[in-house]
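Take a look at the structure set out below.
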Amino acid sequence: MQAGAAEGDITPPVGVDLTGYVARLGHSVGVHDALHARALVLEDGETRAAIVVCDLLALADETVQAARDVIATAIGTVPGNVMVAGTHTHSGPATIFLHKCGEIDPRYVATLPGTLGEIAAAAAARLEPARVAVGLGDLPQGAFNRRGSGLVPDTSVGVVRITRPDGTAIATLMTYGCHPVVMGPDNLLISADYPGVAVRTVAEALGGTALFMTGACGDVNPVRRGTFAEVVWLGEAVAAEAVRVAESLGEGEVGQLTCASEVLALPLLPVADRDAHATTAEACRLALFEAETRGEPVAIRTARAMLDWAESLAARMDRGEVLTTVRAEVQAIGLGPAVLVGVPGELFSSLGARIKAQGSGRQVLVAGYTNGDIGYIPDAGAYAVGGYEVSDAFKYYDAPAALAPEAGERVVEAAHRLCASLG
């Protein structure tokens, strides 16, 4: 096994719209902390792969494809061996379409594939003999399941330590399943949120390059929110646990590198007929009128987002273009004793825990927001309860309906198949 790592600045210009909150009013007004992309390139003599993580909410499908093509060419591999992920910070620029959650700056987004290719190429230029070790810690005090006090999230901190034969660090990859939403919609400063603090702290403590991948956090939020002091608290807490785990690991092993992926057609819930949807659209118009009458900016913005979705879906109905499934690529990269499974969306914590418990004898880590973002992927039990993740979130993503209850199960099954196929 050989490994190399590099990072580069991807901070957008001040003034771009930030994303992640419909309640955010106004453009960005400054930079609290720079945004970065970090690349880990691996090779075992037969296979070369790259894991590239960006301090961004997520990347749209077309940006992902362009980036994978550029990165693959830059490092000498195939696009299917490239994983591109976002940390899901809600204080970064708009990079995927979400109704009334920030306008995308196409000039900024157009720079990303080339920049990510350059960072990956720099990592590939640093390839050197490496050993891999993996372990799990836990940080229960950092996060909670936002859908109910009786639901306990998976708060494990996954750590992949990649070192030179002399034990010095090349890279440390960590995962934690908690939404990067310490900063709320009132924040207008560009920031990587707590993952940025975690990465900097681990790199300072262990050396080398640190990477953070957000785990299955579709229903998991930080316990403490609202200020940059809380950003530092959570970032440093994650980092401290990651460092503790990394320092407890043995020397690691020279392992095989394997890559696999599976493209799923995940089913959506049925869509109402055209007449029923017309009633929904009219209700959205009324809600917007009432919000405008009250003069409430956030309510106006929310109602406008819902009306935009209703009108968009109506137009697709008229054209006969309403989808019944959504494309989702599940990807797995095996690196020695570890397997990293990437899922393109906001996976619920229970589903991530089930993927990790696949029983192959290797430690499985899960990362969301990889190779795109299809929206929330709830567990089957969530549908009886309803709530934002099931009832409303898909509208911001401009989907015709939420995923069907069996979709999450299909993601888990695909992940288990991929882990088994890696050997």
Side-chain angles (χ1 to χ4, degrees), residues 1-8 10 36-88 95-96 109-127 130 132 160 162 170-171 173 175 209 211-214 255-264 327-336 338-345 365-374 414-415 418-419 421-422:
M1 181 83 76
Q2 290 192 312
E7 65 181 88
I10 57 168
H36 293 85
R38 299 172 176 90
L40 173 63
V41 175
L42 302 151
E43 184 183 275
D44 69 352
E46 295 183 0
T47 303
R48 182 174 286 195
I51 300 165
V52 180
V53 188
C54 308
D55 289 331
L56 299 170
L57 188 83
L59 291 173
D61 287 348
E62 58 271 21
T63 309
V64 168
Q65 188 56 59
R68 293 173 93 180
D69 289 344
V70 171
I71 292 165
T73 299
I75 70 169
T77 191
V78 296
N81 288 0
V82 176
M83 178 183 286
V84 179
T87 61
H88 204 57
T95 48
I96 63 172
V109 171
T111 68
L112 290 173
T115 300
L116 301 185
E118 292 171 0
I119 296 168
R126 299 172 183 170
L127 284 169
V132 181
V160 180
I162 301 171
I170 296 173
L173 186 152
T175 63
T209 299
L211 301 89
F212 180 95
M213 303 188 78
T214 306
Q256 184 181 13
L257 177 66
T258 49
C259 302
S261 65
E262 185 174 333
V263 176
L264 307 175
R327 180 187 184 278
E329 179 186 354
V330 181
Q331 185 181 23
I333 297 180
L335 49 160
V339 178
L340 178 63
V341 173
V343 177
L365 306 180
V366 177
Y369 317 103
T370 65
N371 303 327
D373 182 2
I374 64 171
L418 290 172
C419 290
S421 74
L422 297 181

- Message: Using only atom types and a distance under 3.5 Å, with no angle test, would you say the side chain of N371 pairs donor to acceptor with the backbone of P344?
- Response: no
- Query: Quick one: does T47's side chain get under 4.5 Å of T258's, heavy atoms only?
  - Reply: no
- Item | Interatomic distance, M83 atom CE to I71 atom CD1 [nearest 0.5 angstrom] | 12.0 Å
- Task: List the atom of A58, the atom of T95, and the distance in Å for their closest heavy-atom pair.
- Result: O-OG1, 2.6 Å
- Kindly give the heavy-atom pair with the smallest separation between I10 and C54, and that separation in Å. CD1-CB, 3.9 Å
- Item | Reported OG1-to-CZ distance for the pair T77 and R68, which is rounded to 0.5 angstrom | 10.5 Å
- With the side chain counted from C-beta on, respond yes when L127 and V41 share a heavy-atom pair under 4.5 Å apart, and no when they do not. yes
- Query: Can L42 and V132 be said to form a side chain to side chain contact (heavy atoms under 4.5 Å, CB included), step by step?
  - Reply: CA-CA 11 Å; L42 302 151; V132 181; 5.5 Å; no
- Under 3.5 Å, side chain of D44 to main-chain N/O of Q256, donor-acceptor pair present? no
- Query: Any side-chain heavy atom of L173 sitting closer than 4.5 Å to one from V53?
  - Reply: no
- Item | Side-chain donor-acceptor pair present, D61, Q65, cut-off under 3.5 Å | no
- Item | Q331 side chain to C259 backbone, donor-acceptor under 3.5 Å | no
- Taking side chain as C-beta onward, heavy atoms only, is L340 less than 4.5 Å from V160? no
- In Å and rounded to the nearest 0.5 Å, what is the CD1 to CG distance from I333 to L422? 9.5 Å
- Message: Measuring only between side-chain heavy atoms, which start at C-beta, is R48 closer than 4.5 Å to N81?
- Response: no
- Item | Gap separating the NE2 atom of H36 from the OG1 atom of T87, nearest 0.5 angstrom | 12.0 Å
- Task: Supply the atom-to-atom distance L116 CG to T111 OG1, rounded to the nearest 0.5 angstrom.
- Result: 8.5 Å
- Would a 4.5 Å heavy-atom cut-off, applied to side chains only, mark D373 and H88 as touching? yes
- For the residue pair A6 and A122, what are the closest heavy atoms and their distance? CB-CB, 3.8 Å
- Looking only at heavy atoms, the pair that brings A123 and A39 closest together is CB-O, 3.8 Å
- Which pair of heavy atoms, one from I162 and one from A3, lies closest together, and at what distance? CG2-CB, 3.7 Å
- Query: Side chains of T370 and M213: does their closest heavy-atom pair fall under 4.5 Å?
  - Reply: yes
- Task: Search all heavy atoms of A328 against all heavy atoms of I374 and return the closest pair with its distance.
- Result: CB-CD1, 4.0 Å
- Does the T209 side chain pair with the main chain of A171, one donor and one acceptor, at a distance under 3.5 Å? no
- Message: Side chains of V341 and V330, heavy atoms from C-beta outward: is any pair under 4.5 Å?
- Response: yes
- Task: Drop me the distance from Y369's OH to L57's CG, to the nearest 0.5 angstrom.
- Result: 7.5 Å
- Is there a donor-acceptor contact under 3.5 Å from the side chain of R38 to the main chain of L211? no
